[in-house]
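Worksheet: one structure, shown below.
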Amino acid sequence: SQLAYSYGQPVRDGLNWQLGSVKIEAMHTPGHTPGSFSYVLHDAGGRPWIVFTGDALFAGDVGRVDFLGEDRIEEMASLLYDSIFVRILPLGDGVIICPAHGAGSACGAAIADRRMTTVGLEREANPRLQHADRSAFIADVGKSLAKSPYFLRMEEYNVGGAPMLGELPPVRGLSVDDFAAEAEREDTVVVDLRPELEFAASHLPDSLFLFDGGLEHFGGLFIPQDARLLLVNSVGYPEEQVVRLRRTGFDDIVGYLRGGLFGWQNAGGAVRSTHTVSVQDLCRRLDESESHNLLDIRGTAELGEKGAILGAQHIPLEELPGREEDVPADGNLYIFCGSGRRSMIAASLLRRAGRDNAVVVLGGIQGWTSTSCPIV
């Protein structure tokens, strides 16, 4: 069923718009949602040239099909199969695909880092399109994924229209004193945008680490939608990050720390650090000691693909808030992911919850050689 949009005029399948010598055609491609459309740009000769696939087909992935609930996942995955295999792929291998989202988006589990792609490249290289039949495709894509809290507001805006905010002002650079005063407010979150090793060496107490490639996805998961934000970055005005946060719905960005951590520390501001260990050193420590606490925050699908670590506690990063009491509070808690960046997010979440025993493991599963905690 179509949603009752309260603005605009409904689009129907096959509707055309002539723009000079080229034509845009609306193509109904349900699956991600019942009303999902793609738009095909035809060249002056009438041939399909570019297809804007929205959330139906991405580089290396396809749109998620769980937004209408688990009881309709199979139905929506079947619709998506038809949209891709019956409507989009027959456009031709040379047709350029412009998807609505790129790598790191919460609208796909494994979107590749290609801003544009082609029908032929996706037919050949997209893992989701390698299935021989509909049932195998449904089994692969028909899964529930983590839903960011801001999705609820996004759905309201999509159906009812977004408020007209006008042009938002630039984010102010704040002095150490002004930044510290703003950070005292309970509704404020300090977000640290620097690389993970800079954050590990020194950061503001209770700040939330978010690495650049995961800003939208993890920001949407871990920052309250109505929070006031203060930003810490390496140098200068964080223009790109401000734009991306605002696109995720975080409009109340109070300011950024002018002078960064260098100025904060020189002014005597309090800082904390996060312990790190290389994956090779941790494997050696585990093999030399009988007691250890290891937390694996990779997703369930990653464990299936790369293997689980015997004896490690598994809590996917998206599920960690609210489950802090489930992890050991005594002794070092070694946090493991694919590279260390998500583990640094986990460490900052645990620190904000009052846990001080996190040690971030730097390096991925490929370097794991522990014999006492093997990969199984």
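The existence of a salt bridge linking R114 and E122 is confirmed by a sub-4.0 Å separation between a basic side-chain nitrogen and an acidic carboxylate oxygen. Of the charged side-chain nitrogens involved, none lies within less than 4.0 Å of a carboxylate oxygen, so that D296 and K306 do not count as a salt-bridged pair. A salt bridge does not link E74 with R134: none of the charged nitrogens is closer than 4.0 Å to a carboxylate oxygen. Under 4.0 Å is where a charged nitrogen must lie from a carboxylate oxygen, and between R228 and E186 no such pair does. Comment: R272 engages D356 in a salt bridge, judged by a side-chain N to carboxylate O separation of less than 4.0 angstrom. Ion pairing between R285 and E288 fails under the 4.0 Å rule for side-chain N and carboxylate O. R341 and D212 are not joined by a salt bridge, as no carboxylate oxygen comes within less than 4.0 angstrom of a charged side-chain nitrogen. Salt bridge status for R323 with D326: present, with a side-chain N to carboxylate O gap under 4.0 Å. The existence of a salt bridge linking R128 and D61 is confirmed by a sub-4.0 Å separation between a basic side-chain nitrogen and an acidic carboxylate oxygen.
Under the 4.5 Å side-chain criterion, counting only non-hydrogen atoms from C-beta, N293 is not in contact with Q313. At least one side-chain heavy atom of I335 sits under 4.5 Å from a side-chain heavy atom of L350. When side chains are defined from C-beta on, L174 does not count as touching L257, because their heavy atoms never get closer than 4.5 Å. Counting heavy atoms from C-beta on, the side chains of V51 and C98 never come closer than 4.5 Å. In this structure, the side chains of W49 and I96 come closer than 4.5 Å at one or more pairs of heavy atoms. Looking at heavy atoms from C-beta onward, F179 lies in side-chain contact with V190 at the 4.5 angstrom threshold. Annotation: side chain of D82 is not in contact with side chain of L80 (no heavy-atom distance under 4.5 Å). Looking at I73 and K143, their side chains never come closer than 4.5 Å, going by heavy atoms from C-beta outward.
For Q225 (side chain) and G249 (main-chain N/O), a donor-acceptor pair under 3.5 Å exists by modelled atom type. When atom types are taken as modelled, the side chain of W264 and the backbone of A270 share a donor-acceptor pair closer than 3.5 angstrom. Side-chain atoms of T53 never come within 3.5 Å of backbone atoms of A56 as a donor-acceptor pair (strictly under, hydrogens ignored). Side chain of S78 to main chain of E75: no donor-acceptor pair is present (N/O by atom type, distance under 3.5 Å, no hydrogens or angles). Not one N or O on the side chain of Y81 forms a donor-acceptor pair closer than 3.5 Å with the backbone of G31. In this structure, the side chain of R64 engages the main chain of L145 through a donor-acceptor pair within 3.5 Å. Using a distance-only test at 3.5 Å, with no hydrogens or angles considered, no donor-acceptor pair links the side chain of D178 to the main chain of G255. Proximity of a side-chain donor or acceptor of R355 to a complementary backbone N or O of E324 within less than 3.5 Å is detected.
Using modelled atom types and a 3.5 Å distance limit, the side chains of D133 and S135 yield a donor-acceptor pair. Side chains of T29 and S83: no donor on one and acceptor on the other come within 3.5 Å. The closest side-chain donor-acceptor pair between D55 and H32 falls under 3.5 angstrom.
Linking Ile, Leu, Val, Met, Phe, Trp and Tyr residues whenever their side-chain heavy atoms come within less than 4.5 Å places I223 and L320 in a single cluster. F222 and I253 fall within the same hydrophobic cluster, defined by Ile, Leu, Val, Met, Phe, Trp and Tyr side-chain heavy atoms under 4.5 Å apart, directly or through other members. The cluster map of Ile, Leu, Val, Met, Phe, Trp and Tyr, joined by side-chain heavy atoms under 4.5 Å apart, puts L317 and V191 in the same cluster. I315 and L310 fall into different hydrophobic clusters, where Ile, Leu, Val, Met, Phe, Trp and Tyr side chains are chained together by heavy-atom contacts under 4.5 Å. In the hydrophobic cluster analysis, where Ile, Leu, Val, Met, Phe, Trp and Tyr join through side-chain heavy atoms closer than 4.5 angstrom, L193 is grouped together with Y256.
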Query raised in the report: Can Q265 and S202 be said to form a side chain to side chain donor-acceptor pair (under 3.5 Å), step by step?
Result: CA-CA 9 Å; Q265 291 175 151; S202 180; 2.4 Å; yes
Requested in this report: Test Q241 against N233 for side chain to side chain contact (heavy atoms under 4.5 Å, CB included), laying out the working first.
Outcome: CA-CA 10 Å; Q241 290 89 346; N233 63 311; 5.9 Å; no
Query raised in the report: Passes salt bridge (Lys or Arg N to Asp or Glu O under 4.0 Å), R72 versus D66? Steps please.
Result: CA-CA 7 Å; R72 296 191 64 180; D66 60 332; over 6 Å; no
Query - side chain to side chain donor-acceptor pair (under 3.5 Å) evaluation trace for Q280 with T369 - result: CA-CA 7 Å; Q280 293 84 2; T369 58; over 6 Å; no
Requested in this report: Determine, stepwise, if the pair H292 / Y334 fulfils ring-ring contact (aromatic ring centres under 6.0 Å, His included).
Outcome: CA-CA 8 Å; H292 54 267; Y334 297 104; 8.3 Å; no
Report task. Given salt bridge (Lys or Arg N to Asp or Glu O under 4.0 Å), test R342 with E318 step by step and report yes or no. Result -> CA-CA 10 Å; R342 284 176 293 170; E318 289 83 352; over 6 Å; no
Report task. Evaluate the salt bridge (Lys or Arg N to Asp or Glu O under 4.0 Å) criterion for residues E305 and R298: first the C-alpha distance (whole Å), next the side-chain angles of each, then the deciding distance (0.1 Å), finally the verdict. Result -> CA-CA 11 Å; E305 295 172 0; R298 292 177 296 156; over 6 Å; no
Requested in this report: List the steps, then state whether side chain to side chain donor-acceptor pair (under 3.5 Å) holds for S372 with D287.
Outcome: CA-CA 5 Å; S372 60; D287 291 340; 2.9 Å; yes
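Ring planes of F137 and F85: perpendicular class, angle over 60° (limits at 30 and 60°). Ring planes of F209 and F199: tilted class, angle from 30 to 60°.
P48 and V95 get closest at one heavy-atom pair: O-CG2, 3.6 Å. Among all heavy-atom pairs drawn from G60 and P127, the shortest one is O-CD, 3.6 Å. When all heavy atoms of D13 and H28 are compared, the pair lying nearest together is OD1-N, 2.7 Å. Closest non-hydrogen pair, W368 versus L294, comes out as CH2-CD2, 3.6 Å. Between I365 and G307, the closest heavy-atom pair is CD1-O, 4.4 Å. Across all non-hydrogen atoms, the minimal contact from V11 to W17 is CG1-CH2, 4.1 Å.
One finds the CD1 atom of I111 at 10.5 Å from the NE2 atom of H217 (value rounded to the nearest 0.5 Å). For the atom pair CG (L286) and SG (C373), the distance works out to 4.5 Å, reported to the nearest 0.5 Å. Once rounded to the nearest 0.5 Å, the distance linking CG of L282 with OG of S370 reads 7.5 Å. The distance from the CG atom of L215 to the OG1 atom of T248 is 6.5 Å, given to the nearest 0.5 Å. Rounded to the nearest 0.5 angstrom, I50 CD1 and Y39 OH are separated by 16.0 Å. Distance check, rounded to the nearest 0.5 Å: OH of Y237 to CZ of R258 gives 14.0 Å.
Within a 6.0 Å sphere centred on CG of D330, heavy atoms belonging to other residues, nucleotides or ligands number 12 at most. Within a 6.0 Å radius of CD in Q18, other residues, nucleotides and ligands contribute more than 12 heavy atoms. Remark: R246 CZ is packed, more than 12 non-hydrogen atoms of other residues, nucleotides or ligands lying under 6.0 Å away.
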